[in-house]
Structure formats: structure tokens, C-alpha cells
Amino acid sequence: MSAQRESRRALGRASELRGRAADAAGNFRNVEAVRLFNRALRVLADGPDDVEWITLRARVLLGLAMSEAETGSAAAGLRHLDDARQLTDRLPPGPPQRVLRALVGAQRALVLGRIGRLSEALALFDEILPVLENEADDNALSLTRNLMNRANINVELQRPAAALADLRRCLELATEHGLTRLEGKVRHLLGEQGQLLGDVPGALRHYEQAARIYEDAAPGWLARLRVDQARALLVAGLAEDAARHLDEVLPELYSSRNVQDIAEAEVARAAAAILDNDHGRARELAELARRRFLRRGNERWAAVAALTRLRADATEVLGGTRRPPARLVTGLTGHADRLAELGLRDEAAVARLLAVRLLLRRGDVTAAEELLARVPRPRRTTPIDHVMLLRLCRAELAVATGRPRAALAQARSGFAELSRVRDRMGGLDLVCGTAVHGQELGRLAVGLVLGTTRGHAGARRLFAWQERTRAQVYRYEPLPAIDDPVLARLITEMRQVQRLAQQNRLDGRPVAALEQRYARLQREAGRLGWYTSPWGRPRPVSSPEEVAAELGERVLVSLIGQDGELSAVVVRDGRFRLVRLGGLDEVVEITKQLHADLNALAPDHLPSPLVAAVTASAEKRARLLDERVVRPLADAIGDRELVIVPTGPLYALPWPALPSLRGRPLSIAPSATAWVTAMRRELIDPVVLVGGPDVPGAIGEVRQLRAVYPSATLVDGSAATSSAVLEALDGSGLAHLVAHGAHEPANALFSRLELVDGPLFAHETARLRRPPDRVVLAACELAMSHIRPGEEALGFAGALLASGSRTIVGAIARVGDRAAAEAMTDLHQRLASGISPALALAHATAADPLRRPFLCLGAG
């Protein structure tokens, strides 16, 4: 009896250890799981050869196999499964033996799947799952888990329909049997499936649902989830956001020692580094990942990591001027064959496409043509960046073989495909981000047309291509926002934290912890904003004739920065004219210097000698810009009102400070299409005056503007909370906002106005149901924009324009309180008299344009 009791105690102890190990493994703590499984095996080393003992030992080996395969060698994991399979031979025939053998097979399939032997894994799952389905009542957990594992294999094999069928059944089982942790994993995989189909907002929504479950039920899985979210962001072109995600999560993955996930995260981080032109970092990370994959026997992923390294090399060479080395072409073509052998069709295509581009750069057109012919047509699941790369290769080959029309046809088709992807995006920054995939194709098309432009027809054609390739985010009609209580809670908490941090700074108390908390909340809110609802309904790009008709007596100047040269298409009286302006780099550098001078001049009480010195410097730079940018246009623009569509680095150019343009009405628009759209909006009447806290001097006295607008709604003092201001802005015709503000270059949608209860974010104004028609921002720098690839300018003012505001008046540099107050009083008196914002601002800034750096954005 004593031996029997000892045996029961050992079984109980081993069972308890196995349970803890399984919990650790299920929560991504595989190092701990291996230790606990091995302890359970030692407890079970000697014992009776009965069903219960054998079954438990086999189940311990099942768990140990997976945890060892994750943290060390897949071969060691498979050996444990061989041992488990042998143990089942000692069980009597019947359902328990069948189910246990099925579980051993399923675990083998899982290990094989994790090291890239996907076809073998799928065949095993197909054989085993019917056994578990027959015993579903007693094996709900095992059935759900293995259906999910097969779905994962189907995702990796790019079989979306099969994956979705498995996942739906999984979700049904998980919900029915209260398997919360598995429900989280199923939603996580639904995100993968969405990403496979190019549904980035849908994927991000599922990831966030999974994250909420993981936070309580499986926090160890959050790191893995962040890796997959980062990959979705890369698909959407948000390299900076993806890099931040991965930099945060990598230390946690390193401590977990889950080799597969560490290496996958390194490959994704390398991809983000390539988009950021940090090719050295990309090579280093890709090589680290390749070695990790090889050590665990995952040849498919090792090949993907090797491709990432080659991609970094190729991208760097293609971005420079040197002749590509032949060995790089050979490396890519050889690796493409290897990728094809492993069944990585899309990856093999990318390797060949990069080699095509290098061959063309080397002048070997015939070889490039032959290689391009070996690239298959894209499938439904081919990522958009691969599709655009194929279009780019076809276009470059067409150029190399003297077929410019064919090249432009490829560009036109590529942009149509990119637009279909963009139209599905959920948040403003996702809509912006996709532009990165069309950047090179757009540059090729505009450069091709620019090189052959002659006369009116050529300039008209060039203008049409500019509109097709630039600032697409502003041509959407925003859809009504769907209220999201979680997003609302995060924004409220951000406001409170920011306010508390500001108070601590004033009191000399530490703020580091609050700043970290604020950054975390900002990231969470940003993630929610990506998918809470579709951003908008696309409008067609305006034709050159529509733009010309809308201009009337105005003149439009659309700038082009191409291959280091600055040019402009001028539209006047229905005629189009190309004017070549000269070197771009010098103009950009002088603009930066002038911007620095304006910031230095801003304070109200500078010593006179300093004012004189900085003014002289600023005037000299303004004259230089005038000579290089405006004087060559003099004949074309005459003395008419201007609409200027800048190019990336010239968005911050203080045009009214240039001598030829002082006192001239002008508007700055992100594209001609955006300007036409803004012009066609109906004007409405209500006026709102908002005064934020701690704004010194006359500029803060918004009540004085009541003399100009007697019936205006006033929101100031303690009443100027974010909710009160948003409510007042909604449906207003003219809003004057005086508050401290900050432009957030790293995340423009979180640029903010400081109100009594904390910041009001651009993110919030972008989803007003009826955005204010005209907005005057009397705070510093809030007309600044962060220029994203594809000339997508985004900031506080940009968010208002994209959400439907017609005109924004704001400063592009620091501005003193006295200068701002004088300019604003003058501006509003003229606006109230009925003249246009562009003309009113021109008069209001002409008196002192260097210290009144305001611009009229949108429709003036």
C-alpha cells in the first residue's frame, strides 16, 4: 500500500509540474517551461507501467518537445516526440490511445511548421484533425488548439480561405468552451489572415482585440503580437511606427529566448531600417536573424532573412550613383532560385525584380528583360509593395528600351492599384503611409514627362502627372467617425497626464515617469486610430481643365523637385507653362536658414542691435530666395493672386517674406485637387473665439475680438476645456484659436493646443462631424507639417484640412505675442469686412512679414 501511495503522490506531483509548465509555455515563457517539464520527467522516471503513468509521461514529452524546439533545437524536440510515440504503443488499443497518438502527431506537425516544413506539417494536421473531431466532446481544448495551428500553416502557405474556415471553427469552439486564451490567439491569427489579404485595418483591429485578451489571459504573448502588428505597419508604409514597436519589444523577446520570434522581429526591424535608408543596420539585423534561423533548422525563414540582407545591399546601390556590382546581381538571381525551391514564390519574385533593376542600371537590358519574363503575375495575396516593385521594373525596362508611353502606362496602372489599397485604410496616417510604395514609380513618371515637356500641352501633361502622384490624403471625403470608448478614454488620460507633467515642470518636480506614460498612451491611441473606422471616400483627381476653370483670375504655381533641380508648372488663364528654376538643394538650404532667422526674431523684447543684425540676415536670405524662385516666374505670374503647391522641403518657405510677394494674396495647398475641393465647400457663418490658458499679452485677449464679431461664441478662461472647444468648433464658420501649441514631428496627429484641462490633439479635430470652415491658429508653429513620402504633409493644420476645413491661417515659425496680436487684429478686421482670407492675411502681414510668419493654407 505504501508503494501505491508513493506512486499516487508522484503522479500528482508530476501532473502539477506539467500544469505549471504548460501554463508557462502557453504564456511564452518556454525557458521556464523546459525546466518544469524536465522536473516532471524526473519525477516520472521510475513508476508502474500502467495507463495513467504512461499517458502522463507522454503528455509531458509533448510539451517538452515544443518548448525545446522554441528555445533550442527542433531536432531535440522531434526526438522527444519519437519517445512519446513509442510510449503510446504500450497503451491498450482504444480511444485514449488514438487520441494520444493524434496529439503526438499534431505536436510534430506544429514543430515542423515552426521550422518551415509547411507541407509536411499540413499533411499531418489533415490526417490527425478528423480523429480529434470524432472525440470533440472530450477534447475541445486539443481540437481548438490544433485547428488554430493548422490555420497558422494555411496562413503561411497563403491559403486564406482554408485559414479562415479553420479560424471560424476555432472561434466557435473557444467561445463555446470558455477557452479565453485560445480565443485571443485565434483573433491574433485572424489578424494574420487579414494581413495576408491586404486588409491592414482589419488586421490591426483583430490584433488589438487579441491584445486586450492577452493583457489578462496571456501577457507573455503581447510581445509576439507586437511583432505582427509591426509587420502590418510596414505593409502600410509606416516604417517609423513599425521601428518604434520593434525597438520596444525586442529586449523582451531577447529575455524570453524564443528564437523564432526574436529572429522574425529582427527581419521586420531590418525591413523598417531599409525604408529608413539605414542599410548598415538592416544588414546587421538580417544576418543575425539568418544565423538564428539556421541554428534552429528553419531554412525558409533563413532564406527570407538572407533576402532581406540582399535587399538592403540592392536598395543602397540603387539609391546611389555607382555602377551596381555584378556579384550582387548574381547573388540575387541565385538566391531567387533557392527561394523558389523552398516554395517562397513572392520572395523569389522580389529577388528577381531587384536583380532586374540592377541589370538595367548596369546597361544589360537583354538580361534584365529575360529575367523579368521569369517573374510570375501577382496573386490576390501578393503584398502591394511587391506589386509596385513589379510595375517599377516594367516601367524602367520600357524606358531603357525607348518606350516611354509603355512606362507611363505601367505607372498609371500601378497608381490605380495603390489607390485601391489606400481606399481601404482606416486612419489618416495609414492613408498617408501607403504613398511610400508608389514613391519611386511617381518619381520615374514625373521625371519622364518633365524631361520631354515642351509648350502648353507638355506642361499640362506634366501637371496632370504631378496631381496623380502627390498628396493623395487630401482628396478623401472623410466619413463620420465611429465613437470608440477605449480611444476616448486613452485621449482623456493623455490629456490628464500631459497637464500633470506641465504642473510638475513648473513646480520643479520630476516628470520622466509621466513622460514615459504619456508616450505609451500616445502609442496605444495611435494604434486604435488606425482602424476605428475607414478614413474616407475617395474623390477623383482634378483634371487640369477643372483646376484652370476654378482658378479664374488667380495663378497657380505647382513646384517640382526632381533630380536636384527645381521647376514649376504655372497655370494661368487656362494655359500651362513649365519654368525651370535651378538647383533645389541651395533653395532648401536658404529656406532653412531663413526659418532659423525668423525664429530668432520672434521674441518681443530683443535688443535693438540684435534685431537689426538678424533682420539684415533674414532680408538677405529672403532676397536670395526671391531671385532663385520668384523672379524667374515673374512673367508667368504677373501680379495676380497666387495658389502655390510646394514640394516637400519647401512647405515651410515663408513666401510672404520674399520681396516680390510682400502684400500679395497667396494660398498654400498640398495639391491642386485639394485646393479645388476646398474652394467648392460652402461657407457658413458662426464665429468661435477660443482663448487657452497662460497666453500672455494682447494676443491672449480674445474677448477684444468681440468688437469685431459681436455675436461670436466665446470659450476662454476656465471654460476652455477640450470638450467645450471641440463642441464649439463643430459646425463653426470661423474659429480663432489662441493657445500655446506644439508641433509633433514624430507623430503629427498628436500635435496639440494646450487648454485648461490639457492638450487638444490634431487627432481629435480630424474627426469632427462638421469641421470648422475657416480656422485661425494664433499659436506658434501649428502650420508646420511633417512631410511623409509621396509629399504627404501632415500636422495640426493638415489634419484640419484633410478633415474638411476650407482655410487655415497659421504660423510656420515662432511668433512674438505683440506681433501676433497686431497681425490677428488687422486680419480679423479685414475678414469681417468681407474680403478673402488670402487678401486679408496679405495686408495683415505686409507691415512686418519677417515677424508675422503666417501663411494661408487651403483655399484663400
Side-chain angles (χ1 to χ4, degrees), residues 114-116 156 195 223-224 226-235 237-254 256-320 324-325 327-358 383 385-386 389 436-437:
R114 290 287 281 172
I115 59 173
E156 290 208 39
Q195 195 178 152
R224 169 70 232 188
R226 298 303 181 214
V227 176
D228 295 324
Q229 280 182 318
R231 287 205 288 236
L233 295 177
L234 285 172
V235 173
L238 298 183
E240 289 178 27
D241 297 86
R244 275 198 296 272
H245 258 61
L246 293 163
D247 288 342
E248 284 171 14
V249 88
L250 269 167
E252 191 177 337
L253 288 173
Y254 288 138
S256 76
R257 292 167 55 188
N258 289 311
V259 181
Q260 179 72 26
D261 299 298
I262 292 169
E264 285 188 35
E266 287 171 338
V267 170
R269 184 63 184 86
I274 291 172
L275 284 174
D276 195 32
N277 291 321
D278 188 352
H279 303 107
R281 179 94 194 276
R283 278 191 285 271
E284 179 188 339
L285 286 162
E287 181 57 22
L288 275 173
R290 189 185 71 84
R291 291 177 187 168
R292 289 188 208 280
F293 287 129
L294 286 177
R295 280 200 294 275
R296 63 182 270 105
N298 195 332
E299 291 186 38
R300 283 169 60 93
W301 264 104
V304 171
L307 172 61
T308 305
R309 177 174 177 143
L310 286 166
R311 210 175 118 214
D313 292 339
T315 308
E316 185 173 29
V317 170
L318 288 165
R327 59 179 168 72
L328 184 53
V329 178
T330 307
L332 279 163
T333 51
H335 195 59
D337 293 340
R338 175 65 182 145
L339 289 161
E341 286 171 9
L342 291 168
L344 295 165
R345 183 179 184 268
D346 285 333
E347 288 77 3
V350 168
R352 291 194 176 107
L353 290 170
L354 290 171
V356 166
R357 295 198 68 199
L358 294 172
D385 51 336
H386 294 193
L389 180 59
V436 72
H437 301 311

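Since the structure is predicted, the reported quantities are computational estimates derived from the model, not experimental observations.
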Check the pair Arg352 / Asp337 against salt bridge (Lys or Arg N to Asp or Glu O under 4.0 Å), numbers first and verdict last.
CA-CA 9 Å; Arg352 291 194 176 107; Asp337 293 340; 2.9 Å; yes
Can you check whether [X] reaches [Y] side chain to side chain, under 4.5 Å on heavy atoms?
{"X": "Arg114", "Y": "Asn298", "answer": "no"}
{"X": "Leu310", "Y": "Leu354", "answer": "no"}
{"X": "Val317", "Y": "Leu358", "answer": "yes"}
{"X": "Asp313", "Y": "Leu332", "answer": "no"}
{"X": "Glu248", "Y": "Leu246", "answer": "no"}

Short question: side chain of [X], backbone of [Y] - any donor-acceptor pair under 3.5 Å?
{"X": "Arg357", "Y": "Leu318", "answer": "no"}
{"X": "Thr333", "Y": "Thr330", "answer": "yes"}
{"X": "His386", "Y": "Ala349", "answer": "no"}
{"X": "Asp346", "Y": "Pro383", "answer": "no"}

Sequence neighbours excluded, which residues qualify as side-chain hydrogen bond (donor to acceptor under 3.5 Å, both in side chains) partners of [X]?
{"X": "Arg309", "result": "none"}
{"X": "Glu341", "result": "Arg338"}
{"X": "Arg290", "result": "Glu287"}

Could you give all pairs that pass the ring pair (Phe, Tyr, Trp, His ring centres under 6.0 Å) test and reach residues 283-306, with sequence neighbours left out?
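Applying ring pair (Phe, Tyr, Trp, His ring centres under 6.0 Å) to every pair that reaches into residues 283-306, excluding sequence neighbours, yields Phe293-Trp301.
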Spacing of [atom1] belonging to [X] relative to [atom2] belonging to [Y], to within rounding of 0.5 Å:
{"X": "Glu316", "Y": "Leu328", "atom1": "CD", "atom2": "CG", "answer": "10.0 Å"}
{"X": "Glu156", "Y": "Leu344", "atom1": "CD", "atom2": "CG", "answer": "9.5 Å"}
{"X": "Leu389", "Y": "Leu353", "atom1": "CG", "atom2": "CG", "answer": "4.5 Å"}

Going by side chain to side chain donor-acceptor pair (under 3.5 Å), name the pairs with one or both residues in residues 268-282, residues two or more places apart or in two chains.
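Applying side chain to side chain donor-acceptor pair (under 3.5 Å) to every pair that reaches into residues 268-282, excluding sequence neighbours, yields Asp247-Arg269.
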Closest contact, heavy atoms only, [X] versus [Y]:
{"X": "Ala282", "Y": "Ile274", "result": "CB-CG1, 3.6 Å"}
{"X": "Ala303", "Y": "His335", "result": "O-NE2, 2.8 Å"}
{"X": "Ala232", "Y": "Gln195", "result": "N-OE1, 3.5 Å"}
{"X": "Leu307", "Y": "Glu347", "result": "CD2-O, 3.5 Å"}
{"X": "Ala239", "Y": "Ala272", "result": "O-CB, 3.9 Å"}
{"X": "Leu339", "Y": "Ala351", "result": "CD1-CB, 4.2 Å"}

Is the number of heavy atoms from other residues, nucleotides or ligands under 6.0 Å of Arg300 CZ greater than 12?
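Count over threshold, so yes.
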Residues in side chain to side chain contact (heavy atoms under 4.5 Å, CB included) with Ile262, at least two apart?
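Ile262 satisfies side chain to side chain contact (heavy atoms under 4.5 Å, CB included) with Leu253, Tyr254, Glu266, Arg292 only.
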Where do Leu234 and Leu275 land on the side-chain contact (heavy atoms from CB on, under 4.5 Å) test, with the steps shown first?
CA-CA 9 Å; Leu234 285 172; Leu275 284 174; 3.9 Å; yes
Output yes when Glu264 and Arg224 qualify as a salt bridge under the 4.0 Å nitrogen-oxygen rule, no when they do not.
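Yes.
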Pick out which of Asp228, Val235, Leu233 makes a side chain to side chain contact (heavy atoms under 4.5 Å, CB included) with Arg231.
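Per the side chain to side chain contact (heavy atoms under 4.5 Å, CB included) rule, the option paired with Arg231 is Asp228, out of Asp228, Val235, Leu233.
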